[in-house]
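Given the structure is predicted, the values throughout are model-derived calculations rather than measurements. One-based numbering along the sequence shown.
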Amino acid sequence: MMLLLAVLLALSAILHGAIIARFGVKGNEPPLVFGIADLVLAIIVFLAVPYALWAALIVSLVGIAGLTLQFNHIPHDDKTIERVIWALDAVIILLVVYLLFVR
């Protein structure tokens, strides 16, 4: 399950990178920051660093909340990648909650 979480976080980092590659950094600083954060989280989850699950949960919650609040203010018209990132963050949150509290 931890490997699945690491893969999902890496996929999220790749999608954030796709936003930067497609639309540039200007106006897309939050995706850049969250892409880097997701990449670091993927590595620390893969290495099973203590408290990595909590860090992933917090970053994903902040990311999904920020994306929800700012969705209408995104500076470009095509928001398909953002919709996929939102859904992926929701899956990551559910998986982390399962790993922390159910398992």
Side-chain angles (χ1 to χ4, degrees):
M1 291 299 256
M2 295 289 280
L3 181 60
L4 175 62
L5 179 60
V7 169
L8 291 175
L9 287 164
L11 179 59
S12 180
I14 291 168
L15 290 173
H16 282 90
I19 292 172
I20 300 304
R22 184 168 180 195
F23 301 109
V25 174
K26 185 172 180 171
N28 292 309
E29 292 83 5
L32 177 64
V33 171
F34 277 97
I36 293 168
D38 283 342
L39 181 60
V40 170
L41 285 170
I43 293 167
I44 67 170
V45 165
F46 180 75
L47 296 175
V49 173
Y51 301 107
L53 292 176
W54 285 103
L57 180 63
I58 291 167
V59 169
S60 296
L61 284 171
V62 169
I64 202 168
L67 186 55
T68 301
L69 292 173
Q70 294 298 318
F71 193 78
N72 291 328
H73 304 292
I74 294 174
H76 48 270
D77 294 329
D78 185 13
K79 299 176 185 171
T80 305
I81 297 175
E82 285 83 355
R83 288 183 180 99
V84 173
I85 290 172
W86 193 95
L88 185 58
D89 276 349
V91 170
I92 290 170
I93 291 167
L94 291 173
L95 182 58
V96 171
V97 167
Y98 171 77
L99 289 171
L100 284 172
F101 301 113
V102 177
R103 186 179 72 128

Note: Ala10 and Ala42 closest approach over all heavy atoms is N-CB, 3.7 Å
To check you understand the geometry: which heavy-atom pair defines the closest contact between Ile74 and Glu82, and what is its length? CD1-CG, 3.6 Å
Where at least one partner belongs to residues 66-94, residue pairs that pass ring pair (Phe, Tyr, Trp, His ring centres under 6.0 Å), sequence neighbours excluded: Phe23-His76
Between side-chain atoms of residues 50-66 and protein atoms elsewhere (two or more places apart, or another chain), which donor-acceptor pairs fall under 3.5 Å?
residue: Ser60; atom: OG; partner: Ala56; partner atom: O; Å: 2.9

Indicate the atoms forming the closest heavy-atom contact of Asp38 with Leu9, along with that distance. CB-O, 3.6 Å
Single-linkage hydrophobic cluster Leu3~Val45, side-chain heavy atoms < 4.5 angstrom: yes
Is there a path from Val33 to Ile20 through hydrophobic residues (I, L, V, M, F, W, Y) whose side chains come within less than 4.5 Å of each other? no
Residues two or more places apart in sequence or in another chain: which of them pass side chain to side chain donor-acceptor pair (under 3.5 Å) with Arg83? none
For the atom pair CD1 (Ile14) and CD1 (Ile19), what is the distance rounded to the nearest 0.5 Å? 13.0 Å
Set of side-chain contact (heavy atoms from CB on, under 4.5 Å) partners for Leu4, sequence neighbours left out: Leu8, Leu95
Where at least one partner belongs to residues 4-23, residue pairs that pass salt bridge (Lys or Arg N to Asp or Glu O under 4.0 Å), sequence neighbours excluded: Arg22-Asp78
Selection residues 93-103 - residue pairs positive for side chain to side chain donor-acceptor pair (under 3.5 Å), sequence neighbours left out: none
Among Leu15, Leu11, Asp89, which residue meets the side chain to side chain contact (heavy atoms under 4.5 Å, CB included) test with Val84? Leu15
Drop me the distance from Ser12's OG to Ile92's CD1, to the nearest 0.5 angstrom. 5.0 Å
Shortest non-hydrogen contact between Gly35 and Ala13, atoms and distance: O-CB, 3.4 Å
Measure across Gly24 and Asn28 and return the closest heavy-atom pair with its distance rounded to 0.1 Å. O-ND2, 2.9 Å
To the nearest 0.5 Å, what is the distance between CG on Leu47 and CE on Met2? 10.0 Å
One should read off an interatomic distance between Leu39 CG and Phe34 CZ, to the nearest 0.5 angstrom, of 14.5 Å
Kindly work out whether a path of hydrophobic side-chain contacts (I/L/V/M/F/W/Y, heavy atoms less than 4.5 Å apart) joins Met1 to Val97. yes
